[in-house]
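Taking it in order: structure first as structure tokens, then the write-up.
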Amino acid sequence: MKRVTRMLPALLALAAATACAAESVPAPQPGPRAVSVAQSTTGPTGGPTIAATGAPAAGAVAAPAKKAKLEIADITPMGEKTEKVGIGFPIIVTFDRDVKDKAAVEGLLDVEPDKPVEGAWRWVSPRKVIYRTKTYWKPYQKVLFTARLSELPGNEKTKDVSRRFAVGSKHISVVNTRNHTMKVYRNGKLAKKIAISAGKGGFVRNGVDVYLTTSGTHLTMGKKEVETMTSSWMGVTDPKDPRYYKEEIPWAVRISDSGEYVHQSAGYYQFLGRSNQSHGCVRATPAGAKWFYTIAQRGDVVKITGTKRKLQWNNGWSYWQLNWTQWKKGSALKP
């Protein structure tokens with residue numbers, strides 16, 4: 001099922017391609033937290049801490065504060081004490097304003113994993129850059145991110161900031177929409193096989209069958225114990241309309257921005273493992289959905305196969321849809 005959100009005009013085409021809709025605003029748990037570089041410094045655990053400031057002495061005239069030219073507004077995911085992330089997780093850095101010299105800024109962003117792997121940054125907007133590795137992160141390690149923005153000319157007033165991430169278990173789930181199964185592998189071994197029902201197809205908007213589940217490599221982005229799904233995404237809000245629905249769906253794990261989830265099927269259990277009947281989500285058995293929800297980490301890999309609708313690389317955290325050569329082209333640094 002899919003979630004309704006307020007988006008910028010440039011994203012409206014993507015929003016129109018949703019197949020189900022969640023009534024609430026996206027709120028992955030745990031979610032990203034803003035980090036003000038001007039107020040942060042590196043703490044003993046690698047996470048940001050608030051720097052103390054002293055009051056001016058009596059009678060002293062305070063000099064006007066010199067504002068930094070560039071600061072960090074947000075870092076995703078959270079630090080090691082808040083969450084463990086999956087082997088596909090991206091590092092998403094959002095600045096407080098447009099970056100003029102992307103190459104200079106990118107050169108000041110360091111990523112140091114305990115278990116080295118090649119990685120690269122890709123700019124997706126004038127103020128947002130994303131780090132992805134060439135191959136998946138190794139599980140059970142720490143990754144230290146550091147932004148040395150105080151070294152940017154004219155930006156000396158900014159405090160450097162760092163965050164340490166904790167990589168958890170290696171979770172790779174394979175959804176086959178043709179045989180209606182989801183196989184979840186944990187650290188390379190099959191942990192559970194779950195009967196599912198994927199998108200049934202048959203509803204075309206702007207040339208796209210939005211009732212089809214997208215095939216490709218998704219990443220889990222967040223989860224909610226209960227998500228409210230509605231038909232408002234397709235303009236159906238009248239309860240008397242036969243197409244209307246509003247349902248409370250348990251164990252919802254989000255895997256795209258266009259509103260795809262792995263979640264418990266709201267009844268219709270007779271179709272699980274037998275046919276595709278959803279509006280685009282991956283419906284699972286109650287026991288299977290709850291188990292998957294329980295183990296899910298943001299950044300876990302969910303590979304879906306068997307449909308004609310391809311997952312776009314910028315739909316959610318679907319960055320693994322680009323090969324390594326394509327991904328590196330988004331860097332501002334010369335090879």
Side-chain angles (χ1 to χ4, degrees), residues 28 30-56 62-85 89-134 137-138 141-168 298-299 317 319 327-328 330-335:
R33 180 173 58 191
V35 176
S36 173
V37 180
Q39 294 180 318
S40 302
T41 184
T42 303
T45 62
T49 58
I50 303 300
T53 57
K66 188 175 181 180
K67 293 184 178 180
K69 291 184 177 180
L70 186 68
E71 297 178 349
I72 290 179
D74 185 79
I75 302 171
T76 298
M78 297 298 293
E80 60 180 327
K81 291 188 176 182
T82 304
E83 68 173 322
K84 289 184 178 180
V85 292
F89 86 93
I91 301 174
I92 304 173
V93 178
T94 305
F95 298 95
D96 66 337
R97 67 204 72 185
D98 291 355
V99 176
K100 296 180 180 179
D101 191 340
K102 292 184 175 65
V105 171
E106 187 176 331
L108 299 174
L109 304 178
D110 299 330
V111 179
E112 302 176 63
D114 292 342
K115 302 174 182 179
V117 61
E118 185 179 355
W121 294 95
R122 181 183 182 91
W123 292 86
V124 296
S125 78
R127 61 179 63 189
K128 181 177 291 187
V129 65
I130 298 170
Y131 187 88
R132 202 207 86 183
T133 47
K134 182 178 181 179
W137 303 96
K138 297 294 184 182
Q141 65 162 317
K142 301 293 177 64
V143 178
L144 178 63
F145 163 72
T146 304
R148 298 179 286 109
L149 295 184
S150 65
E151 298 179 24
L152 189 67
N155 210 50
E156 293 81 4
K157 294 294 182 179
T158 295
K159 298 290 185 181
D160 293 342
V161 65
S162 65
R163 179 171 292 178
R164 195 181 304 274
F165 310 105
V167 186
R298 292 203 297 168
W317 292 359
Y319 308 125
W327 179 261
K328 291 192 298 182
S331 170
L333 298 175
K334 294 181 180 179

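The first residue of the sequence shown is numbered 1, and numbering continues consecutively from there. Excluded from the calculations below are hydrogen atoms, water molecules and symmetry mates; all remaining heavy atoms, backbone and side chain alike, are included.
The closest side-chain donor-acceptor pair between E112 and T146, if any, does not fall under 3.5 angstrom. The closest side-chain donor-acceptor pair between S162 and D160, if any, does not fall under 3.5 angstrom.
In plain terms, the two heavy atoms of Y131 and G119 that are nearest each other are OH-CA, 3.2 Å. Taking each heavy atom of L109 and V105 in turn, the nearest pair found is CG-O, 3.4 Å. Among all heavy-atom pairs drawn from P90 and P77, the shortest one is O-CD, 3.4 Å.
Ring geometry for Y319 versus W327: interplanar angle of 30 to 60°, hence tilted.
Residues V111 and W121 meet the side-chain proximity criterion, which asks for heavy atoms closer than 4.5 Å. In this structure, M78 and R163 have side chains that are in contact, with non-hydrogen atoms separated by less than 4.5 Å. The side-chain heavy atoms of I72 and F95, taken from C-beta on, include a pair separated by under 4.5 Å.
Take S125 and apply the side-chain contact (heavy atoms from CB on, under 4.5 Å) test, not counting sequence neighbours, and it matches R127, K128. In this structure E151 satisfies the salt bridge (Lys or Arg N to Asp or Glu O under 4.0 Å) test together with R148, sequence neighbours excluded. With sequence neighbours left out, F89 forms a ring pair (Phe, Tyr, Trp, His ring centres under 6.0 Å) with W137, F165.
Under a 3.5 Å cut-off, the side chain of E156 and the backbone N or O of G154 do form a donor-acceptor pair. Checked by atom type and distance alone, the side chain of D98 never pairs as donor or acceptor with a backbone atom of P126 at under 3.5 Å. Between the side chain of N155 and the main chain of L149, a donor-acceptor pair closer than 3.5 Å is present.
Within 6.0 Å of the NZ atom in K115, the count of heavy atoms belonging to other residues, nucleotides or ligands exceeds 12.
Here the CG atom belonging to D114 is positioned 13.5 Å from the NZ atom belonging to K138, to the nearest 0.5 angstrom. For the atom pair OG1 of T158 and CG of D96, the computed distance is 8.0 Å after rounding to the nearest 0.5 Å. With values rounded to the nearest 0.5 angstrom, K134 atom NZ is found 6.5 Å from K328 atom NZ. Annotation: the span from R122 atom CZ to I92 atom CD1 amounts to 13.5 Å, rounded to 0.5 Å.
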- Any chance you could lay out the side chain to side chain contact (heavy atoms under 4.5 Å, CB included) test for V93 and F145, step after step, and finish with the verdict? CA-CA 10 Å; V93 178; F145 163 72; 3.7 Å; yes

